[in-house]
Amino acid sequence: MSEKFRGEFLGNRVVVWDPQQGSKLYAEGFYGKPLGIRKPKAPSFNKPLELSLLEALYLMEKGKLTLVDAGTKRELSFEEFKEIASKIHDKLEEKYIVYKDLRDKGYVVRPGMKFGADFAVYEHGPGIDHAPFLVHVLPMNSRLSALEIVRAGRLATTVRKKFIISTISPEGKPIYYVFTWFRA
């Protein structure tokens, strides 16, 4: 059986305080971000690891993370944490379905906020390759203006990435719409 990591939920974030556990978790799939280190040069560091709420949910569902509430010192179940996280994180349910699908397919999924998307998706991982995809998650019946699509396409082209919009089908499965831009 693989190692089970221990995290602590502190209001709106999850921290793995043990630097050894944090380093192992980061090395296993580029999960989280070491506190105080902007871009880790190596998978081993002597700092706690901060996980996003989506990463924590995924690792809990996979049986790799035990999560304790910092206030009560009580272990949280996956369902309890998901309910709490959905009150903090906008579109948590939809984003989690997409995050999980991409991770299960072997991709490394990192926050894409600096690109104006929900996720930057890597084939191998940050520092190894550049993220070829930007994924933005929208509710199924969302409307996008032509200007929003052009804006997203221009940004993705500028940073040499494919822009993907994902929605969730009525059956609860992610649907991906890939936009590829070219010069006429």
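Along the sequence shown, the residues carry numbers beginning at 1.
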For this session: Could you walk me through whether Asp18 and Lys24 pass salt bridge (charged side-chain N to carboxylate O under 4.0 Å, His left out), step by step?
Result: CA-CA 10 Å; Asp18 180 337; Lys24 285 180 185 175; over 6 Å; no

Any luck finding a side-chain donor-acceptor pair between [X] and [Y] under 3.5 Å?
X      : Y      : value
Asp118 : Tyr99  : no
Arg103 : Tyr107 : no
Glu171 : Ser169 : yes

Heavy-atom check, side chain of [X] versus side chain of [Y], under 4.5 Å:
X      : Y     : answer
Lys73  : Glu8  : yes
Val135 : Val98 : yes
Leu67  : Leu59 : no
Leu54  : Lys95 : yes
Val68  : Arg74 : no
Leu92  : Lys87 : no
Leu76  : Glu83 : no
Glu93  : Ser86 : no

Ignoring hydrogens and angles, tell me if any N or O in the side chain of [X] forms a donor-acceptor pair with the backbone of [Y] under 3.5 Å.
X      : Y      : value
Glu55  : Tyr31  : no
Arg110 : Phe30  : yes
Ser166 : Ile175 : yes
Lys91  : Leu138 : no
Glu61  : Tyr58  : no

Exercise. So Phe163 and Val178, side-chain contact (heavy atoms from CB on, under 4.5 Å) or not? Walk me through it.
Worked result: CA-CA 6 Å; Phe163 185 72; Val178 181; over 6 Å; no

Exercise. In Å and rounded to the nearest 0.5 Å, what is the CG to OG distance from Leu57 to Ser52?
Worked result: 8.5 Å

Exercise. Rounded to the nearest 0.5 Å, what separation is found between the NZ atom of Lys173 and the OG1 atom of Thr167?
Worked result: 14.0 Å

For this session: Kindly determine whether Leu25 and Gln20 satisfy side-chain contact (heavy atoms from CB on, under 4.5 Å), including the steps that lead there.
Result: CA-CA 9 Å; Leu25 196 49; Gln20 272 192 311; over 6 Å; no

Exercise. Do NZ/NE/NH1/NH2 and the carboxylate oxygens of Lys105 and Asp101 come within less than 4.0 Å?
Worked result: yes

Exercise. Can Lys33 and Glu50 be counted as an ion pair, charged N to O under 4.0 angstrom?
Worked result: no

Transitive ILVMFWY side-chain link [X] to [Y], under 4.5 Å:
X     : Y     : answer
Phe78 : Leu51 : yes
Leu49 : Leu10 : no
Leu35 : Phe5  : no
Val15 : Met60 : no

Problem set entry | Step-by-step side-chain contact (heavy atoms from CB on, under 4.5 Å) determination, Glu28 to Lys64 | CA-CA 11 Å; Glu28 278 191 20; Lys64 294 177 101 22; 2.8 Å; yes

Problem set entry | Ring centres under 6.0 angstrom apart (Phe45, Tyr26) | yes

Exercise. What do you reckon, are the aromatic ring centroids of Phe9 and Phe81 less than 6.0 Å apart?
Worked result: yes

Problem set entry | Worked check of side-chain contact (heavy atoms from CB on, under 4.5 Å) between Ile164 and Val121 | CA-CA 10 Å; Ile164 300 171; Val121 181; over 6 Å; no

